[in-house]
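Since the model is a prediction, treat every value here as computed from it, not as a measurement.
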There are 2 protein chains.
Amino acid sequence: MKRKITLKDIARELDVSISTVSKALKNSEEISRDTKEKVQAFARLYNYRPNNIAISLKNKRTKNIGVILPDIVHHFFTTVFHGIEKYANARGYNVIACISDESFDKEVINMEMLANGSIDGFIMALSAGTQLKNDYNHLRQVTDQGIPLVLFDRVTDEVACDKVVINDEEAAYLAVKKMINSGRKRIALLTSEAHFNVSEKRAEGYYRALREHSLPVDEELVLVLPHMYHEENLSEGFFRRTNPDAVLCVNEIYAVRSMRHLQSQGKRIPQDVAVIGFTDGILSRYSIPSLTSIAQHGELMGETAARLLVDRIEADFRDMDEPEYITEVIKASIIDRESTD
Amino acid sequence: MKRKITLKDIARELDVSISTVSKALKNSEEISRDTKEKVQAFARLYNYRPNNIAISLKNKRTKNIGVILPDIVHHFFTTVFHGIEKYANARGYNVIACISDESFDKEVINMEMLANGSIDGFIMALSAGTQLKNDYNHLRQVTDQGIPLVLFDRVTDEVACDKVVINDEEAAYLAVKKMINSGRKRIALLTSEAHFNVSEKRAEGYYRALREHSLPVDEELVLVLPHMYHEENLSEGFFRRTNPDAVLCVNEIYAVRSMRHLQSQGKRIPQDVAVIGFTDGILSRYSIPSLTSIAQHGELMGETAARLLVDRIEADFRDMDEPEYITEVIKASIIDRESTD
DNA sequence: TTGTAGGCGTTATCAC
DNA sequence: GTGATAACGCCTACAA
C-alpha cells in the first residue's frame with residue numbers, strides 16, 4: 001500500500017525545497033531544466049496528485065456544488081440532477097447531493113452541513129415541508145453569507161436569488177386547450193394539495209383554458225389528492241361519479257392510475273376519455289396506452305441551473321454588491337402519444 | 001452580507017488568542033468560565049461554524065463518500081443511491097455523486113477527481129464500458145492508496161474489496177421455476193449483451209431451472225438485446241416466431257415492452273403468456289397489467305454498501321494491513337402481481 | 001488560565 | 001535558480 005505522496009515527500013527525496021518542487025511541477029520558468037525534469041519524472045513515477053482539500057483551503061473555493069432535492073424517486077428530479085451533474089462536471093465541479101425527503105428539518109440540516117465550506121454554491125428545489133412552513137431563513141442565511149443559490153421548479157419569491165422554472169400555467173393551458181379542440185367538454189383535473197406552488201400554477205392554466213373557451217367551471221371535476229399516492233382507490237369513485245371525457249393530471253403517476261381505473265370501468269382511451277399528464281417520464285413512455293404528457297425538460301432545467309450557479313460563483317467580485325438576479329423560464333412542451341387523439 | 005467568521009476573527013475581536021477561542025468553544029476545562037461565556041456568546045451572535053475544509057485538512061478525513069453510478073435513469077440505481085445517502089447522512093457523511101454514463105473514461109476521470117483528498121471512500125457499480133474493457137487499474141490505484149472501496153451489483157473478482165451483490169442466479173431460477181410450476185412450457189428469456197455480469201448470472205439461473213425440470217433448452221427462445229433500448233420493435237418478430245407461453249426479462253423495460261408487443265399480437269396476459277421482469281420499479285407497479293417482478297431491494301443494497309464502507313473507513317488502523325474483505329449477498333424476492341398466475 | 005508554536009498540503013511573495 | 005516564509009482555518013502539545 002503506497003500512501004499518497006505530497007510535495008514534501010518529493011522535496012525530501014530529491015533534496016530540494018518544497019517550493020522548488022511546486023514550481024517545477026508547474027513548469028515555472030524560474031526553475032532549471034534539469035531540476036524540472038528530475039522532479040517531474042519523480043512525480044510521475046509516484047503518481048503525485050495535488051491534494052484537493054489543501055487547494056480548497058488555500059483558494060477558498062472547493063469546486064463542489066451542493067444539490068438538495070426533495071426526493072429522487074420522481075423521475076423529474078432525477079433528470080434535473082443528471083443535467084446538473086453533466087454541466088457541473090464539464091466545468092470542473094463535483095456535485096454533492098443531499099435529499100431532504102420533503103422534510104424542512106432535513107433540508108436545514110443538509111444546508112448547514114454543506115454551507116460551512118464544503119461547497120461553493122447551492123442548487124435546490126424546496127421541500128414540501130419548507131413550502132408548508134413557509135420559512136426560508138435557512139436560505140437567507142446562506143445567501144447572506146454570499147454563497148450563491150439557485151432555486152429550480154419549487155421556488156419562492158421570499159428569497160432573492162437566481163431561479164429556473166417552467167411555464168406551468170401555460171403548459172396546463174395548452175394541454176386543456178388541446179383537449180377542448182378535439183371536442184372534449186367535461187375535463188377533469190387531478191391535482192395535489194395546493195401548498196405546492198406548481199400544482200397551483202397548473203390549476204390556474206386549467207381554469208383559464210376553460211374560461212377562454214366558455215366551458216363551465218365545475219368544481220366537481222377537480223380532485224385534490226394527497227401528495228403521497230398511497231391509497232390506490234381514491235380516484236375510482238371520482239370517475240364513476242363525474243364521468244369526464246378528458247383528464248389532466250399534475251403528474252404521471254396520477255395519470256397512469258387514472259387510465260387504469262377508467263379502463264377497469266370499461267372506458268376506452270382515448271376514444272371515451274383523453275388523458276394528459278405532467279412529467280414526461282418512463283411511465284408515460286411505457287404505459288399501455290402510452291401517455292400524452294407534458295415534458296418539463298428536466299435535464300435542460302438542471303443544466304440551466306448549473307450554468308447560472310457556476311457563472312455566479314465565478315463572477316468577478318467587483319460587481320458583487322448589487323447582483324441582478326435572473327429567473328429563467330424553461331418552456332414545457334406536449335409530447336403526443338396514444339392517450340389523446 | 002456578513003462574511004463567514006473564523007476563530008481568528010473572534011480572537012481579534014475579543015482580544016484573546018486563537019487557541020483560547022478554540023478551547024473555549026469546546027468548553028475546555030482549561031478556560032475560565034468568564035472567558036468561555038464571552039467567547040461562546042460572541043460565537044453564537046455571529047453564528048460561528050468551523051470550516052469543514054480546514055478540519056478535513058487537519059484530520060485527513062473529509063466525511064464525504066464518493067458514489068459513482070453508471071446512470072441514474074434506471075430506477076434501481078436511484079434506489080441504491082437513496083439507501084447510501086440515507087445511511088451515510090445518519091453517520092455524518094455527505095455523498096458526492098458522479099455519473100459515469102456507462103463510460104470507462106468518465107469513470108476514470110471521476111475517480112481521479114475525487115481520489116485526491118475529496119472523499120474518504122468509494123461506493124460504485126462498474127460502468128458498462130469498464131466491464132467491456134475489463135480494465136480495473138483505476139480501482140486498484142485507489143485501493144492501493146488505502147482508500148476503501150465498496151462495489152455493488154456490477155462487481156468484479158479482479159479487485160480486492162468489499163462487495164454487495166444480489167443472488168441473481170437464484171432469483172432467475174425461482175422466477176422460472178414459478179412459471180414452470182404454473183404449467184408453462186415454452187419460456188423465453190430476454191437478456192442484454194453478455195458482458196454484463198448480472199445478465200449472465202440471470203441467464204444461468206434460467207438454464208438451471210429448465211434443466212432441473214427437464215424442459216428442453218431451446219436457444220431460439222433466448223433473445224439478446226442491446227443495452228440501450230432504442231429500437232422499439234426488436235422483440236416483436238421474436239414473439240411471433242417463437243410463440244412462448246412465458247417470458248423472463250432481465251429488466252422491467254424489456255418486460256413492459258414485451259407485454260406491449262404480446263398484447264398487440266392478441267395475446268392475453270397472464271392467460272396466454274406470463275411475464276416476469278427483473279427490477280421492481282415504478283413501471284412494474286403501474287403498468288397495465290401490473291408486472292410480477294423481482295425486487296432487488298436497492299435501498300437495502302445501498303445501506304449495506306454504505307455500512308460496509310463507513311465501517312471500513314472508521315476501522316482501526318491497527319488491523320489495516322491484511323483486511324478480510326466481505327461480500328454481502330442481498331436476497332432478491334419475487335413480487336407477485338397481475339402478469340403471472 | 002492563557003498563549004505559543006507547529007503542522008495538515010499547497011501556493012505566492014520575496015529574499016538570497 | 002533556489003529556498004525561506006507566510007498564509008488559508010483549525011487543532012493541540014506544550015510553555016508560561
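- The separation between B:Glu37 atom CD and C:dT2 atom P is 12 Å, rounded to whole Å.
- Comparing C:dG9, C:dG3, C:dC8 against the side chain of A:Thr6 picks out C:dG9 as the nearest.
- We find that CG of A:Leu25 is positioned 16 Å from P of C:dG9, with the value rounded to whole Å.
- The side chain of A:Lys23 lies closest to C:dT13, out of C:dG3, C:dT13, D:dG9.
- For D:dC8, one of the phosphate oxygens OP1 or OP2 lies less than 4.0 angstrom from a side-chain nitrogen or oxygen of B:Lys8.
- Note on B:Ser22: a base of the nucleic acid sits closer than 4.0 angstrom, heavy atoms only.
- You'll find the side chain of A:Glu85 reaches within 4.5 Å of the side chain of A:Asn89, heavy atoms only.
- Counting any heavy atom pair closer than 4.0 Å across all strands shown, B:Thr35 reaches sugar-phosphate atoms only and no base atom.
- A salt bridge links A:Arg91 and A:Asp311; the closest N-O separation between the charged side-chain nitrogens and carboxylate oxygens is under 4.0 Å.
- Rounded to whole angstrom, the span from the CD atom of B:Glu30 across to the P atom of D:dA13 amounts to 10 Å.
- For B:Ser19 and C:dT4, a side-chain-to-base donor-acceptor distance below 3.5 Å is present, hydrogens and geometry of angles not being considered.
- Within 4.0 Å (heavy atoms only), A:Ile55 reaches sugar-phosphate atoms of the nucleic acid but no base atom.
- Atom CG of A:Asn134 is surrounded by more than 12 heavy atoms from other residues, nucleotides or ligands within 6.0 Å.
- Looking at A:Lys4, its side chain has no donor and acceptor atom pair within 3.5 Å of the base of C:dG9.
- Ranking D:dC8, D:dG3, C:dT10 by closeness to the A:Asn51 side chain, first place goes to C:dT10.
- Spacing between atom CD1 of B:Ile18 and atom P of D:dC10 amounts to 9 Å, rounded to whole angstrom units.
- Contacts of A:Leu7 with the nucleic acid, taken as non-hydrogen atoms under 4.0 Å apart, include base atoms.
- At a threshold of 4.0 angstrom between heavy atoms, the contacts of B:Lys58 include nucleobase atoms, whether or not backbone atoms are also involved.
- For A:Ser32, no side-chain nitrogen or oxygen approaches OP1 or OP2 of D:dG1 to under 4.0 Å.
- Regarding contacts with the backbone of C:dT10, every side-chain N or O of A:Lys26 stays at 4.0 angstrom or more from both OP1 and OP2.
- For A:Asn52 and C:dT11, the CG to P distance is 11 Å, given to the nearest whole Å.
- The CD1-P distance, from B:Ile31 to C:dG3, rounds to 8 Å in whole Å.
- Taking side-chain N and O atoms only, A:Tyr48 has a distance below 4.0 Å to OP1 or OP2 of C:dT10.
- Closest to the B:Leu57 side chain, of the nucleotides D:dG3, C:dG9, C:dT10, is C:dG9.
- A residue-by-residue look at B:Ala54 and B:Thr20 shows that B:Thr20 has its nearest nucleotide of DNA chain C further toward the 5' end.
- In this entry the distance linking CG of B:Asp15 with C1' of C:dG3 reads 12 Å, nearest Å.
- Using cut-offs of 30° and 60° for the angle between ring planes, the A:Phe81 and B:Phe81 rings count as tilted.
- Counting heavy-atom neighbours within 6.0 Å of B:Tyr325 OH, excluding the residue itself, gives a total above 12.
- The interatomic distance linking A:Asp120 (CG) with D:dC8 (C1') rounds to 15 Å, in whole Å.
- Within the 3.5 Å criterion, the main-chain N or O of A:Ile53 finds a donor-acceptor partner in the side chain of A:Asn51.
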